[in-house]
Amino acid sequence: SNAGNYVGSVAPTANDAVEFLSGSSAVSIDVNSTVAGITLGGSFSGSVTLASGKTLSVGFNGITIASGTFIGNSQAITSSGDLSISGGTFNSSSSDIEIKGSVQLSGGTLKSSTYSFKVGGNWTKTGGTFDALGALTFNGFGGQTILAGGTDSGSDFADVNVSFGTVTVSSTLKVSGNLIVNSGQL
């Protein structure tokens, strides 16, 4: 929220992609924010926390986590783009998450919410750890694909809901709770 913390002393707007590429600071997003994208990468080893009572809306550039830690707390997070995790941690332990694009997990850790976690695109896990706490809802308008990445404890889904369209499972899918098809097909 303090413009002086950003390059050029201008706080990011809906057209700006925000990048944390170095440092080890603990950063707080303490205002309701809309940005084009957010990236934690490079040598960044700090954390970015969405403060209590605030929301984060990310545009088509999506959310990229390659290092560091993103903490969603109990706040709503939406992204019109993808969520891509190749390192670091994305922790959404008690918040509503909606990723209108795809989710790619190739490294790092994705700790999902005990609340709503909606995915509008494909789910691809080729590495890393998925710590499922609640229901994952596939609600895309077109065909969606799930590549679950194995049946180990780091690949389990707590609950899976298909609420729209066709979802194709292209690898073994382990669901420890409920598998529900409300509308559409699996």
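All values below come from the heavy atoms of this structure, side chains included, with hydrogens, waters and symmetry mates left out.
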Fill in the blank from the handout: Tightest non-hydrogen contact, residues Ser45 and Ser24, listed as OG-CB, 3.3 Å
Handout entry: From Leu147 atom CG to Gln104 atom CD, the distance as rounded to the nearest 0.5 Å
Key = 11.0 Å
Exercise for the section: Look only at the side chain of Asn122 and the backbone of Thr145, and say whether a donor-acceptor pair between them is shorter than 3.5 Å. Expected result: yes
Problem - Sub-4.5 Å side-chain heavy-atom contact between Leu110 and Val103 - result: yes
Problem - pair Asp16-Val35: side-chain heavy atoms closer than 4.5 Å - result: no
Exercise for the section: Look only at the side chain of Thr49 and the backbone of Ala51, and say whether a donor-acceptor pair between them is shorter than 3.5 Å. Expected result: no
Practice task
Treating Ile, Leu, Val, Met, Phe, Trp and Tyr as nodes and any side-chain heavy-atom pair under 4.5 angstrom as an edge, say whether Ile180 and Val175 lie in one connected cluster.
Solution key: no
Practice task
Write down the atom of Ala148, the atom of Ser171, and the distance for their closest heavy-atom approach.
Solution key: N-OG, 2.8 Å
Handout entry: Chi angles and distances behind the side-chain contact (heavy atoms from CB on, under 4.5 Å) call for Glu98, Asn139
Key = CA-CA 10 Å; Glu98 182 169 11; Asn139 63 350; 4.0 Å; yes
Exercise for the section: Look up atom NZ in Lys118 and atom OG1 in Thr78, then write down how far apart they are to the nearest 0.5 Å. Expected result: 11.0 Å
Exercise for the section: Name all pairs fulfilling the ring pair (Phe, Tyr, Trp, His ring centres under 6.0 Å) condition that reach into residues 45-67, sequence neighbours left out, sorted by first residue then second. Expected result: none
Exercise for the section: To the nearest 0.5 angstrom, please state how far the OG1 atom of Thr69 sits from the CD1 atom of Ile71. Expected result: 6.0 Å
Fill in the blank from the handout: Closest heavy-atom pair, Gln185 versus Val162, reported as atoms and distance to 0.1 Å, is O-CG1, 4.0 Å
Problem - Flag, side chain of Asn32 to backbone of Thr55, donor-acceptor distance under 3.5 Å - result: yes
Completion exercise
So the ring pair (Phe, Tyr, Trp, His ring centres under 6.0 Å) pairs with at least one residue in residues 69-88 (sequence neighbours excluded) are Phe70-Phe90
Fill in the blank from the handout: Students should find that the hydrophobic cluster of Phe141, defined by side-chain heavy atoms under 4.5 Å apart, otherwise consists of Phe164
Completion exercise
In short, Phe130 meets Lys125 closest at the heavy-atom pair N-CE, 4.0 Å
Problem - Which atom of Ser163 lies closest to which atom of Asn182, heavy atoms considered - result: CA-CB, 4.4 Å
Practice task
Check whether any side-chain heavy atom of Leu173 lies under 4.5 Å from a side-chain heavy atom of Trp123, and answer yes or no.
Solution key: no
